[in-house]
Each structure stands twice: as C-alpha cells, then as structure tokens.
2 protein chains.
Amino acid sequence: MDNTTTVLLVDDEQDILDILRFNFASGGFGVETATSAEQALAKDLSGIGLIILDVMLGGMSGLKMAMLLKDNPATADIPIIFLTAKNAREDIIDGLRIGVDDYVTKPFSVQELLLRAQAVLRRGHRQAERSPGQGGLVLDKRGKQLLVDGKAVPLTRTEFLILELLMAHPGAVYSRDQLLDYAWPDGVIVIGRTVDVGITRLRKKLAPYAHCIVTRPGHGYCYEEA
Amino acid sequence: MDNTTTVLLVDDEQDILDILRFNFASGGFGVETATSAEQALAKDLSGIGLIILDVMLGGMSGLKMAMLLKDNPATADIPIIFLTAKNAREDIIDGLRIGVDDYVTKPFSVQELLLRAQAVLRRGHRQAERSPGQGGLVLDKRGKQLLVDGKAVPLTRTEFLILELLMAHPGAVYSRDQLLDYAWPDGVIVIGRTVDVGITRLRKKLAPYAHCIVTRPGHGYCYEEA
DNA sequence: GTCCAATTTTACAAGAGTGAAACAATATTG
DNA sequence: CAATATTGTTTCACTCTTGTAAAATTGGAC
C-alpha cells in the first residue's frame, strides 16, 4: 500500500497470529505481534500504523485496550480493526462507540481482512489531509441535538442513533442491517425501506449538509465530512 | 480560551496528572497539580479558575473536598469537574447535589474533558455577565426555593431536586430514568409518568418561564436558559 | 434512448409519547 | 387527631414520531 505501514496483530491464539503474520507480510506490511493486551500496550506504538485486535483476550479485553488507546492522544489516531465473534453485537456496538474503525467477524477470510485494512488506511489518509477544516456539523450527544453551523436542530430518538453511528466513523459504509441493529430496539421487526425513510428525514434536518450522508447503492450509507 | 485561566488538577495517579497537565497546558491553561485533597486544600486557591477533581483519592475523598470548597464563600464560586468511575452513580449524584459543575467518567477522553472544561467556564462567564440584571430564574439552593424575577416561590422536595439536576447542566437532556434516579429515594418504585407530573407541577411554578423546561420526545427533558 | 433495479420522496394511518386535570394515597404539620 | 400539603396514579385529549405503501426519481447497463 504505501512505504511499509507496520501493523500490530493482537490475538491470544498463536495459530491465527501466524496466519495473519504471513498474509500481512506478503501484503507488504511490516508486522508486529502480541498475544495479550498487556504485551501490546508495553510496546512502543509510535511506529504502528494499524492495529488488528481480537476482542476476546485473556486478561485485559480488546475492548478495554482499544478504549485506553483511543483516550490517549498519542495513540488515538492509530486505526483499529476489531476481530469479534459472529454474534457479538454488543462488542461491535461498544467498539464503534469508542471509536474503533472497523470490525471483522470470526471466522473471517484473511483476504477480506486485508481489504478492510487497506480501506481503513486509505480513509485515515483522507482525513489527515483535511483535518484543519472544522466543519459545520456537530452532534451534541448530551443535548440529543444537531448543531448545524451552530444552530440547534432537535433530533428524534431514531434520528439521533442513526447519525451517532454514521458520524462516529466518517467514510465507513453501514448496511441497512447494521443501522437497524444499532438504532432500532431489539426484537422490533421492520422492513429495510424503513431505514431509507429515516435517512431522508435526517437529510432534511442536515439542511445544507444533506449531501454529507452519502448513499452507496447496494451497500448502505456513510457519512462524509463537509 | 481567555487570558490564562489556571486549572488545578487533583488526582493521586501521577500518570493521569501528567497527561492532563500536558493537555491543559497545550490548551492554553495555566496548570497546578496536587496528588491529594489535603495537598490541594493547602494551596492558595485565589488564582484558580477551575478544578478537575478525582473523586477517588487516598485520604480525604474528592467528594468531601468539594463539599468543603462549596461551603466556603471564598471558594464556592470556583467551578469543579468530577472525575468518577464509569458506574459510580452515587458519586455523580452526590456531586451534583453539592454543586459540582460537571463530571466525566473514567476512562475518559482528554478531548472531552477539555470541551467540558471550556463549557463550564463559558457558563460561568455568562452567569457573571448578567448577574446585575438579576433577571429570570435563580435556584436558591440554601432556601430550597426558586427566585422568579426576584420573587420567591417555594419548591417541594421533589420539585427542587428535579430542577436542581436540570439547571445544573443547561442544554443537557435527562431521561426519565435519570431523573428518577436523582430525585427519588433509592428503592422507591414509581412509574415513568410520575416524572411527567412532576415536570408539569414545576412548570406551573416557573410561571412565565415554563418554556425553559423543554420536552424532548423520546429522550426526556432539558433546561434551556431564558 | 430504453429498461431495470435501487433509492428517494410523499402521504397517511397506527402507535407511542406527552400534558393537564382529577382523584387517591401518603406524609407532614399543628 | 384533624387539617393540610405533598406525591403517585389514572384518564383523556392531543401531538409527535414512525412504519408502510405507493409514486417519483435516479443511475447505470445495454
């Protein structure tokens, strides 16, 4: 991808670590590994460009580790991809909430993981380039409202949840199913088109920034900063 | 923010103190630190514009320290932000009760803490600016009453607690559950609609400022300054 | 250009959420 | 103990939100 990004692989299963090491190395990445969160945190992370992190670890959980990294300004910008069990929706949601960049469910295809990794890195570069531009959209989580160029626009519960997820990861595409999982209460069954309507209603409230919610036909929606 | 507000950081973990010192200094604050409540209280606090205070301290607790400060007229006006454990609801409630200005739960993002700090200071300035006008709504915590355009209106216990929480953070939305937690004794089980009635009764007493308690359908209630 | 699939928009009805009033139950006061 | 104040529940009218369906639009393939 670019001049040897170094990826840190954290998983407590040595087998998986070996497979990943081989594939990422073949993919042109520099590779470091750790078998626990503690071991990973003890490393010098300054040269790390991406972390692949198993959520289920002995000792400190991957979630906890991610939280620590995202709270520390020195490491907050290192993208993280979660490896989670297929049905661990809780972990995924918590992860996205604290700022994890993407996730892949086990069992996963290594090829898919590599693609995700490259996508996350591309995304990071785009963001870094336009970091100075302090955009006009701010989600006020405490007030459950949106600040559009400083003007407060109240959001309904559903609208707030959709936008919270989308804005948490600019550039990441979320499928309708993912949005349903996140923004709709458990057990509620609605048809997929319902999400579309929610998006439409949101766009109206985004006023001049409606285009920031981008439709990706066949995939879902994503938020792009102004 | 403005001509070097000095912030006093109180935490018994040197690591956290270092991180905070660095970030607040970068943010343009003057910084002083203390590793215990006793050490903090021994300082000359006259130049301090804001205190960031860990609740869990060896020796005197942060809660106790805050109580002392708020009881002393010389220091009662210094805003305080609590650092509490994620699930320490008790501490948060007690803190708000004695007049703490805001709180952030650990583990916290430093960025969020800085934003909260700036918000608290802004709030203080706004209040200071319009103090001569003596306008509108003032909650008299000592007298457990409300001053509506200077006229005293007695509040019942429940009414006082609801309003105290809402007014502590203008613009923040509190769910019915949060209000129940704060304003109703532990163990008491009441239905959610009870809160609504409490709000209705409060609005009546707010007289011409009823609209300051804003309903956010699906979320809860929040206080907006006049 | 036409066709097709996907998406957007609009309108409407059902349902959930809310405000006010009245009443019952409980606590407080004299 | 009686009188009063406070608080919790219920009810009804009303508003806001939300899911669905149908029509309009878009974008791309051929």
Side-chain angles (χ1 to χ4, degrees), chain A residues 144-146 152-166 173-207 209-224, chain B residues 143-146 152-166 173-224:
Chain A
K144 311 293 184 192
Q145 64 185 0
L146 186 66
V153 178
L155 297 177
T156 71
R157 224 170 58 88
T158 311
E159 288 164 356
F160 177 79
L161 290 170
I162 294 176
L163 201 54
E164 182 179 39
L165 181 58
L166 291 181
V173 176
Y174 292 93
S175 70
R176 290 178 174 72
D177 281 344
Q178 284 174 310
L179 287 166
L180 282 175
D181 268 353
Y182 185 81
W184 272 260
D186 287 347
V188 175
I189 298 175
V190 294
I191 62 176
R193 289 277 147 267
T194 301
V195 176
D196 299 33
V197 178
I199 294 287
T200 296
R201 286 169 178 157
L202 250 181
R203 282 191 176 129
K204 261 178 197 156
K205 295 198 176 179
L206 297 195
Y209 298 97
H211 62 281
C212 288
I213 297 182
V214 179
T215 306
R216 306 296 293 284
H219 298 290
Y221 298 92
C222 89
Y223 174 79
E224 296 279 7
Chain B
K144 310 297 182 192
Q145 64 184 1
L146 186 65
V153 177
L155 295 177
T156 71
R157 220 179 76 86
T158 311
E159 288 164 357
F160 177 79
L161 290 171
I162 294 176
L163 199 54
E164 184 179 36
L165 181 57
L166 291 181
V173 175
Y174 290 93
S175 70
R176 289 178 172 69
D177 280 345
Q178 285 175 309
L179 287 166
L180 283 174
D181 271 350
Y182 183 78
W184 272 260
D186 287 346
V188 175
I189 298 175
V190 292
I191 62 176
R193 299 303 307 281
T194 303
V195 176
D196 298 31
V197 180
I199 294 286
T200 297
R201 286 167 179 159
L202 251 180
R203 282 193 177 126
K204 261 178 198 156
K205 295 198 176 178
L206 296 195
Y209 300 98
H211 61 280
C212 289
I213 297 182
V214 180
T215 306
R216 305 298 293 288
H219 296 292
Y221 297 92
C222 91
Y223 174 79
E224 299 278 7

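Per chain, numbering begins at 1; letters A, B, ... match sequence-line order.
- Taking five base pairs at each end of the helix from C/dG1-D/dC30 to C/dG30-D/dC1, the local helix axes there meet at an angle of 30°, rounded to 10°.
- Between A/Val214 and A/Tyr223 there is no side-chain heavy-atom pair separated by less than 4.5 Å.
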Any N/O pairs under 3.5 Å between the protein and nucleotides 27-30 of chain C? List them or say none.
none

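- If you check every strand for non-hydrogen atoms under 4.0 Å, B/Gly198 touches nothing.
- A side-chain donor-acceptor contact under 3.5 Å links B/His219 to the backbone of A/Leu155.
- The shortest heavy-atom contact between A/Leu179 and A/Trp184 is O-CE3, 3.7 Å.
- Applying the salt bridge (charged side-chain N to carboxylate O under 4.0 Å, His left out) test to pairs two or more places apart or on separate chains, none has a residue in residues 208-222 of chain B.
- Phosphate contact (OP1/OP2 of C/dG19, side-chain N/O of B/Thr215, threshold under 4.0 Å): present.
- Distances shorter than 4.0 Å separate some side-chain N or O of B/Thr200 from OP1 or OP2 on C/dA20.
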Show the distances under 3.5 angstrom between N or O atoms of the protein and N or O atoms of nucleotides 6-12 of chain D.
{"from": "D/dT7", "atom 1": "OP1", "to": "B/Thr158", "atom 2": "N", "distance (Å)": "3.2"}
{"from": "D/dT7", "atom 1": "OP1", "to": "B/Thr158", "atom 2": "OG1", "distance (Å)": "2.9"}
{"from": "D/dT7", "atom 1": "OP2", "to": "B/Thr156", "atom 2": "OG1", "distance (Å)": "2.4"}
{"from": "D/dG8", "atom 1": "OP1", "to": "B/Trp184", "atom 2": "NE1", "distance (Å)": "2.7"}
{"from": "D/dG8", "atom 1": "OP2", "to": "B/Trp184", "atom 2": "NE1", "distance (Å)": "3.2"}
{"from": "D/dG8", "atom 1": "N7", "to": "B/Arg201", "atom 2": "NH1", "distance (Å)": "3.3"}
{"from": "D/dG8", "atom 1": "O6", "to": "B/Arg201", "atom 2": "NH2", "distance (Å)": "2.4"}
{"from": "D/dT9", "atom 1": "OP2", "to": "B/Ile191", "atom 2": "N", "distance (Å)": "3.1"}
{"from": "D/dT9", "atom 1": "OP2", "to": "B/Thr194", "atom 2": "OG1", "distance (Å)": "2.8"}

Worksheet item: Could you run down nucleotides 24-30 of chain D 5' to 3' and tag each one B, S or - for protein heavy-atom contact under 4.0 Å?
Response: -------

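- Residues satisfying the side-chain contact (heavy atoms from CB on, under 4.5 Å) criterion with B/Ser175, sequence neighbours excluded, are B/Asp177, B/Gln178.
- The shortest distance between the side-chain N/O atoms of A/Arg176 and the OP1/OP2 oxygens of C/dT7 is below 4.0 Å.
- When the nearest nucleotides of DNA chain C are assigned to A/Gly218 and A/Lys204 by heavy-atom distance, the more 5′-ward of the two goes with A/Gly218.
- Every side-chain hydrogen bond (donor to acceptor under 3.5 Å, both in side chains) that A/Arg203 has, sequence neighbours left out, goes to A/Thr215.
- Once rounded to the nearest 0.5 Å, the distance linking CG of B/Leu202 with OH of B/Tyr209 reads 16.0 Å.
- Legend: residues meeting salt bridge (Lys or Arg N to Asp or Glu O under 4.0 Å) with B/Arg193, ordered by chain and number and at least two apart, are B/Asp196.
- Applying the side-chain hydrogen bond (donor to acceptor under 3.5 Å, both in side chains) criterion to A/Glu159, with sequence neighbours excluded, gives A/Thr156, A/Lys205.
- Inter-residue side-chain proximity for B/Gln145 and B/Phe160 is flagged as unmet; no heavy-atom pair is nearer than 4.5 Å.
- Side-chain nitrogen and oxygen atoms of A/Tyr221 include none within less than 4.0 Å of the OP1 or OP2 phosphate oxygen of C/dA6.
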